[in-house]
Protein chains: 2
Amino acid sequence: MFAAHSDASVKPSPIGLGRCATSPAAAHHAAATVAPTWMANMLAPGSTLVQAERDGEIIAQGAAVDCCYQVISGCVRTVMLLEDGRRQIGEFLFPGDLVGCDAAGEHGFGAEAVTPATLCRIPLRAIDERAARDQSFARELHHYMAAQLRGARARLVLLGRKTAGERVASFILEMQERLDLPRHEAIDLPMSRADIADYLGLTIETVCRGLTELRRGGLIGIDRTRILIHDGHALGRAGSEHLH
Amino acid sequence: MFAAHSDASVKPSPIGLGRCATSPAAAHHAAATVAPTWMANMLAPGSTLVQAERDGEIIAQGAAVDCCYQVISGCVRTVMLLEDGRRQIGEFLFPGDLVGCDAAGEHGFGAEAVTPATLCRIPLRAIDERAARDQSFARELHHYMAAQLRGARARLVLLGRKTAGERVASFILEMQERLDLPRHEAIDLPMSRADIADYLGLTIETVCRGLTELRRGGLIGIDRTRILIHDGHALGRAGSEHLH
DNA sequence: CGTAAGATTGATCAGAGTCAACGTACGTGG
DNA sequence: CCACGTACGTTGACTCTGATCAATCTTACG
């Protein structure tokens with residue numbers, strides 16, 4: 001057990017702030033969070049606030065697209081369910097992130113709240129119009145989507161070529177980065193082992209074993225939902241973050 | 001063996017500029033679904049034509065980003081190589097597609113020619129400027145990136161949750177769609193089994209077995225690089241294309 | 001305090017990887 | 001034109017990682 005204040009798992013979104021920055025090390029592994037700095041601005045015209053409770057559905061898979069959402073607080077997952085029940089989580093979204101902004105026609109992925117969450121529902125038209133008017137908004141939107149694309153592609157490598165242990169190690173580092181915690185601060189994961197498993201293309205049991213392995217190796221400490229990174233460097237190596 | 005008349009299936013581009021095939025082999029692999037219609041326009045300012053021979057490097061993994069490329073003819077793959085030699089192909093690109101337009105700082109993925117290819121090298125600045133000036137260009141760029149994002153996420157499901165057999169079936173359907181061939185026309189795959197394997201997160205042998213299985217089931221015909229779809233419906237089912 | 005949901009650990013199984021052999025097309029040069 | 005060599009594709013035998021099935025433990029909560 002390790003000490004660690006049990007602050008809410010997800011930081012309230014400081015308006016107008018940004019979790020900017022991809023650290024040099026960060027550039028290597030999945031999903032550099034782009035800090036949309038324009039959060040507050042999205043709230044303006046025709047958009048409404050939406051609350052979702054834990055596991056509540058925000059977007060139904062296959063639903064017609066008319067709007068997208070920006071996460072204000074809490075954690076959200078995008079989900080693709082196959083006929084036979086197999087599930088893949090597309091991504092975890094944190095305050096500032098956009099959900100469904102890439103859809104065309106219908107939402108390929110659904111969206112659900114991992115924790116109680118607040119979102120801002122924005123008509124797609126409003127985004128189009130604003131992008132047309134506001135040059136720098138358009139540019140930021142473009143950068144955001146580019147970052148999403150980089151993140152998705154980094155996960156292709158993870159899912160296509162990494163071992164179970166490597167996936168788990170990479171995941172911890174990704175979450176540390178995305179939750180933007182100070183060094184030596186425990187990560188309080190908002191999602192269950194089942195969510196992690198479906199994000200990493202593994203089973204719950206394999207995720208557990210991966211975590212246990214890292215703990216036994218002294219790389220991390222585990223206290224239920226909280227993870228403390230003891231040796232980030234070794235964790236990077238364990239996750240094969242290093243490239244050719 | 002099936003018929004397979006090897007007529008050049010190269011369609012003229014929507015906007016002048018034919019998708020010129022550089023080799024007989026390349027002639028088959030023509031249009032891409034997402035192929036933007038603004039192909040010709042990209043050629044304008046400060047951009048240069050680049051030729052790449054088979055397996056030639058177009059972008060080095062980790063190279064600094066200063067420009068991106070548009071495929072004019074041929075087929076290109078994006079590649080991520082891990083330290084120990086494991087390889088993941090990010091995507092296959094066809095005429096009209098953009099390579100490296102999402103990069104920030106450095107190219108996470110490298111790019112190599114699958115067939116002899118011609119590309120148009122475009123300074124990123126030129127794209128930014130044009131997007132700033134030209135409203136509809138910016139919108140198309142946005143739509144293109146959204147489509148890329150949808151494609152990448154569909155592959156997350158494939159890599160995370162689909163079996164080997166399903167991946168192979170899905171792959172054939174994806175290629176049929178992307179190469180935009182008339183129904184009942186054989187698909188002439190430009191890439192090797194090794195490329196397919198690294199695209200699907202499998203080994204060469206497993207890809208072969210998957211193909212053989214589909215052939216035995218009567219869903220497809222195989223003649224080396226050429227694939228003929230006998231039963232697209234069944235292939236969709238075999239690939240679990242059906243959703244929840 | 002009792003129940004339920006989630007997490008962890010163990011034992012066994014199966015799907016895909018690895019290793020190996022063989023087949024087939026193609027290009028080169030005699 | 002044929003012989004050979006090489007690269008690629010296919011098939012088979014065996015192995016191993018991660019899935020499945022099952023039991024136990026922990027924590028949260030009514």
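Every chain is numbered from 1, with letters handed out A, B, ... down the list of sequences.
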Asker: Verify the contact: side-chain N or O of A:R215 to OP1 or OP2 of C:dT9, cut-off strictly under 4.0 Å; return yes or no.
Answerer: yes
Asker: Looking at B:E185 and B:R226, is any side-chain nitrogen of the basic one under 4.0 Å from a carboxylate oxygen of the acidic one?
Answerer: no
Asker: Taking side chain as C-beta onward, heavy atoms only, is A:Q88 less than 4.5 Å from A:V79?
Answerer: no
Asker: Can you tell me the distance, in whole Å, between the CG atom of A:L211 and the P atom of C:dT9?
Answerer: 10 Å
Asker: Identify whether NZ of Lys or CZ of Arg in A:R87 sits under 6.0 Å from the centre of the six-membered ring of A:Y199 and within 45° of that ring's axis.
Answerer: no
Asker: Within less than 4.0 Å of OP1 or OP2 of C:dG6, is there a side-chain N or O belonging to A:R224?
Answerer: no
Asker: I need the full list of salt bridge (Lys or Arg N to Asp or Glu O under 4.0 Å) pairs touching residues 228-244 of chain B, with sequence neighbours left out, sorted by first then second residue.
Answerer: B:K162-B:E241
Asker: Please state how far atom CZ in B:R226 lies from atom P in D:dC8, giving the value in whole angstrom units.
Answerer: 18 Å
Asker: Between D:dC8, C:dA7, D:dT11, spot the one nearest the side chain of B:R54, thanks.
Answerer: D:dC8
Asker: A:R193 CZ to C:dT9 P: how many Å, rounded?
Answerer: 10 Å
Asker: Figure out the NZ/P separation between B:K162 and D:dA19, and round it to whole Å.
Answerer: 18 Å
Asker: So if I take residues 198-208 of chain B and measure heavy-atom distances to DNA chain C, which residues fall below 4.0 Å?
Answerer: B:G201, B:L202, B:T203, B:E205, B:T206
Asker: Hey, could you give me the CG/OG distance between B:D198 and B:S192, rounded to the nearest 0.5 Å?
Answerer: 8.0 Å
Asker: Find the distance A:R161:CZ to D:dT17:P and express it as a whole number of Å.
Answerer: 16 Å
Asker: Indicate whether the side chain of A:E91 and that of A:Q148 have a donor and an acceptor atom separated by less than 3.5 Å.
Answerer: yes
Asker: Report yes or no: is there a donor-acceptor pair, N or O only, under 3.5 Å between the side chain of A:R209 and the base of C:dG10?
Answerer: yes
Asker: For the pair made of CD1 in B:I222 and P in C:dG23, what is the distance, rounded to whole Å?
Answerer: 19 Å
Asker: Determine: side-chain N/O of A:T163 to OP1/OP2 of D:dT17, distance under 4.0 Å, yes or no.
Answerer: no
Asker: Just how far is it from atom CG of A:L158 to atom CG of A:L156, taken to the nearest 0.5 Å?
Answerer: 9.5 Å
Asker: May I ask you to test the A:Y69-A:I58 pair for a side-chain heavy-atom distance under 4.5 Å?
Answerer: yes
Asker: In whole angstroms, how far is the P atom of C:dA5 from the CG atom of A:D195?
Answerer: 16 Å
Asker: Rounded to the Å, how far apart are A:R86 CZ and D:dA19 C1'?
Answerer: 13 Å
Asker: Does this structure show an ion pair linking B:R161 with A:D84, if we count only N-O contacts that are shorter than 4.0 Å?
Answerer: no
Asker: Give the angle between the helix axes at the two ends of the helix from C:dC1-D:dG30 to C:dG30-D:dC1, taking five base pairs at each end and rounding to 10°.
Answerer: 30°
